[in-house]
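Just so it is clear, the structure is predicted and the values come from calculations on it, not from any experiment.
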Amino acid sequence: MPSPVRKAVIPAAGLGTRFLPFSKAVPKEMLPVIDRPVIQYIITEAVEAGIEDILIITSRHKKVMEDHFDRHAELEAVLLAKGKAEEAEEIRALGELADIHFVRQGEALGLGHAIGTARNHVGNEPFVVLLGDDVMMEPVLKGMIDSYAEHESSVVALMEVPEQEISSYGCAAAEPVGGSLVKVTDLVEKPAVEVAPSNLAIMGRYLFTPSIFDEIDNTKPGVGGEIQITDAMLSLLTSEPLYGYTFSKGRYDMGMKSDYLRAVVDFGLEREDLAPAFREILVEAVKREGLL
Ligand code: G1P
């Protein structure tokens with residue numbers, strides 16, 4: 001039996017330069033999609049996939065994230081006194097979603113380095129990594145964990161992107177295995193379009209065996225002078241199989257303002273309490289703008 005996948009690592013130390021001016025004083029992970037910060041969607045996705053223990057890699061000025069997942073007894077008491085039991089329960093539950101820990105990266109040396117700081121916490125077991133910029137509506141992480149149960153190998157989420165966009169991502173060459181799974185044969189971080197081996201882009205979900213930590217330790221700075229997780233994975237490929245879990249929709253890049261708007265629309269339409277009024281707003285806007 002493979003060991004169960006219990007732990008998740010969420011790198012959240014970045015400066016958020018793609019979402020300024022919002023991210024000047026507020027961490028980009030706290031960007032709201034309706035009434036929940038992005039980091040809450042990410043953590044809920046992990047918990048729904050069976051994760052019990054979450055390590056968030058942070059940096060300076062990110063304390064507000066800790067507060068969001070802490071109990072807030074005073075607020076709970078005020079809500080209860082006002083007869084708002086449902087709201088009080090929602091706030092209380094946030095403090096008990098999972099066993100959430102924080103560690104500081106200290107120096108911004110790259111995604112690979114950030115994941116490497118989780119070594120002591122993760123220990124010798126498989127774990128997942130969720131990048132906070134990528135919000136998913138599909139149960140991609142769950143599918144990856146199921147694949148691990150079958151193959152006991154590392155897995156990375158992959159999605160086809162238009163050819164000219166591949167240089168914004170890690171890129172994978174792969175062979176089909178069956179269903180959503182492929183076997184990764186090569187990896188390049190942010191290749192130029194002309195040399196990209198495919199249009200399969202790495203999206204922000206990874207499942208690693210603990211051997212990734214030794215590979216990270218041996219990885220030299222790559223693209224942008226940073227220690228890249230993609231380079232560590234390429235090196236892992238020489239000793240262990242690496243699978244790709246392919247999917248085609250339901251991913252939102254929170255660093256892109258247009259994708260953020262798409263997320264607000266799609267998540268808004270999923271919300272039973274808001275969808276009826278929101279649909280009317282959208283129909284009215286479409287008519288007013290002559291969009292159809
Ligand atoms: C990171 C990874 C890249 C991956 C991307 C997904 O890049 O390095 O391989 O494709 O996340 O969002 P970043 O967007 O941090 O530059």
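Neither Leu75 nor Val64 shares a network with the other; the hydrophobic side chains, linked directly or stepwise wherever heavy atoms of I, L, V, M, F, W or Y lie under 4.5 Å apart, form separate groups for each. No path of Ile, Leu, Val, Met, Phe, Trp and Tyr side chains, each step under 4.5 Å between heavy atoms, connects Ile39 with Val103, placing them in separate hydrophobic clusters. In this structure, Val140 is a member of the same hydrophobic cluster as Tyr169, with clusters built from ILVMFWY side-chain heavy atoms closer than 4.5 Å. Linking Ile, Leu, Val, Met, Phe, Trp and Tyr residues whenever their side-chain heavy atoms come within less than 4.5 Å leaves Val182 and Val155 in two separate clusters. Under a hydrophobic clustering in which Ile, Leu, Val, Met, Phe, Trp and Tyr are joined whenever their side-chain heavy atoms come within less than 4.5 Å, directly or via other members, Leu282 and Ile34 fall into different clusters.
For the atom pair NZ of Lys7 and CD1 of Ile51, the computed distance is 10.5 Å after rounding to the nearest 0.5 Å. One finds the NZ atom of Lys24 at 13.5 Å from the CG atom of Leu15 (value rounded to the nearest 0.5 Å). Here the CG atom belonging to Asn199 is positioned 7.5 Å from the SG atom belonging to Cys171, to the nearest 0.5 angstrom. Taken from OG in Ser3 to CG in Asn124, the straight-line distance is 8.0 Å, to the nearest 0.5 Å. To the nearest 0.5 angstrom, Ile212 atom CD1 is 8.5 Å from Glu240 atom CD. Here the straight-line distance linking atom CD1 of Ile202 with atom CG of Leu187 works out to 5.0 Å at 0.5 Å rounding.
No side-chain donor-acceptor contact under 3.5 Å links Thr230 to the backbone of Glu189. Thr58 places no side-chain N or O within 3.5 Å of a backbone atom of Ala12 that could act as its donor or acceptor partner. Put simply, the side chain of Thr209 never gets that close to the backbone of Ser153: no donor and acceptor are under 3.5 Å apart. A donor-acceptor pair under 3.5 Å links the side-chain atoms of Lys62 to the main chain of Gly14, judged by distance alone.
Summarising the local packing, NZ of Lys257 is surrounded by more than 12 heavy atoms from other residues, nucleotides or ligands at distances under 6.0 Å. In this structure, Glu163 places its CD atom where only 12 or fewer heavy-atom neighbours from other residues, nucleotides or ligands lie under 6.0 Å away. Atom CD of Glu284 is surrounded by more than 12 heavy atoms from other residues, nucleotides or ligands within 6.0 Å. More than 12 heavy-atom neighbours from other residues, nucleotides or ligands sit within 6.0 angstrom of CG on Asp35. Within a 6.0 Å sphere centred on CD of Gln164, heavy atoms belonging to other residues, nucleotides or ligands number more than 12. For CD of Glu107, the number of neighbouring non-hydrogen atoms (other residues, nucleotides, ligands) closer than 6.0 Å is 12 at most.
Between Gln105 and Ser59, the side chains place no donor N or O within less than 3.5 Å of an acceptor N or O (distance only, hydrogens not considered). No donor-acceptor contact under 3.5 angstrom links the side chains of Glu226 and His113, judged on distance only. When only modelled atom types and interatomic distance are considered, Tyr252 and Asp133 share no side-chain donor-acceptor pair under 3.5 Å.
Counting heavy atoms from C-beta outward, Val188 and Pro197 have side chains that approach closer than 4.5 Å. Inter-residue side-chain proximity for Phe267 and Arg36 is flagged as unmet; no heavy-atom pair is nearer than 4.5 Å. Proximity of Arg205 to Ile42: side-chain heavy atoms (C-beta onward) are separated by under 4.5 Å at one or more points. Between Asp53 and His121 the shortest side-chain heavy-atom distance falls below 4.5 Å. A 4.5 Å side-chain heavy-atom check between Met254 and Val33 finds at least one atom pair inside the cut-off. Between Ser154 and Leu236, the closest side-chain pair of non-hydrogen atoms falls below 4.5 Å. Between Val129 and Phe208 there is a side-chain heavy-atom pair separated by less than 4.5 Å. Side-chain contact check for Met159 versus Leu200: every heavy-atom pair is 4.5 Å or farther apart.
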| task | Starting from the C-alpha separation in whole Å, work towards a yes-or-no answer on side-chain contact (heavy atoms from CB on, under 4.5 Å) for Met144 and Val128. | result | CA-CA 9 Å; Met144 293 167 67; Val128 293; over 6 Å; no
| task | Mind running side-chain hydrogen bond (donor to acceptor under 3.5 Å, both in side chains) on Asp67 and His72 for me, showing each step along the way? | result | CA-CA 8 Å; Asp67 294 342; His72 191 334; over 6 Å; no
Exercise for review: With side-chain contact (heavy atoms from CB on, under 4.5 Å) as the test, would you mind laying out the steps for Ile145 and Leu207 before giving the verdict?
Suggested key: CA-CA 7 Å; Ile145 292 176; Leu207 189 159; 3.9 Å; yes
Going through the distances and angles, do Leu237 and Asp186 end up as a side-chain contact (heavy atoms from CB on, under 4.5 Å)? CA-CA 8 Å; Leu237 257 187; Asp186 194 13; 5.6 Å; no
Requested in this report: Walk me through it: do Asp231 and Lys220 pass the test salt bridge (Lys or Arg N to Asp or Glu O under 4.0 Å)?
Outcome: CA-CA 8 Å; Asp231 295 340; Lys220 305 264 171 312; over 6 Å; no
* Asked: Taking it one step at a time, do Ile10 and Ile57 satisfy side-chain contact (heavy atoms from CB on, under 4.5 Å)?
  -> CA-CA 6 Å; Ile10 303 181; Ile57 321 272; over 6 Å; no
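Nearest heavy-atom pair, Lys249 versus Glu138, reported as atom, atom and distance to 0.1 Å: O-CG, 3.1 Å. Contact between Arg251 and Arg262 at its shortest, heavy atoms only, is O-NH2, 2.9 Å. Scanning both residues, Ile100 and Ile43, for their nearest heavy atoms gives CD1-CD1, 3.9 Å. Shown here for Val161 and Ala201, the closest heavy-atom pair between the two residues is CG1-CB, 3.8 Å. Shown here for Ala114 and Pro11, the closest heavy-atom pair between the two residues is CB-CB, 4.3 Å. Of all the heavy atoms in Ile166 and Ala196, the pair that sits closest is CG2-CB, 3.6 Å.
With respect to Lys63 and Glu66, no salt bridge is recorded, no charged nitrogen being found less than 4.0 Å from a carboxylate O. Classification of Glu45 and Lys142 as a salt-bridged pair fails, no side-chain N sitting under 4.0 Å from a carboxylate O. Classification of Asp214 and Arg119 as a salt-bridged pair holds, one side-chain N sitting under 4.0 Å from a carboxylate O.
Geometric assessment of Lys28 against the ring of Phe22 yields a negative cation-pi assignment under the 6.0 Å and 45° thresholds.
A ring-centre distance under 6.0 Å is not found for Tyr148 and Tyr243. For an aromatic pair to be called close, the ring centres must be under 6.0 Å apart, and Tyr206 with Phe127 fails this.
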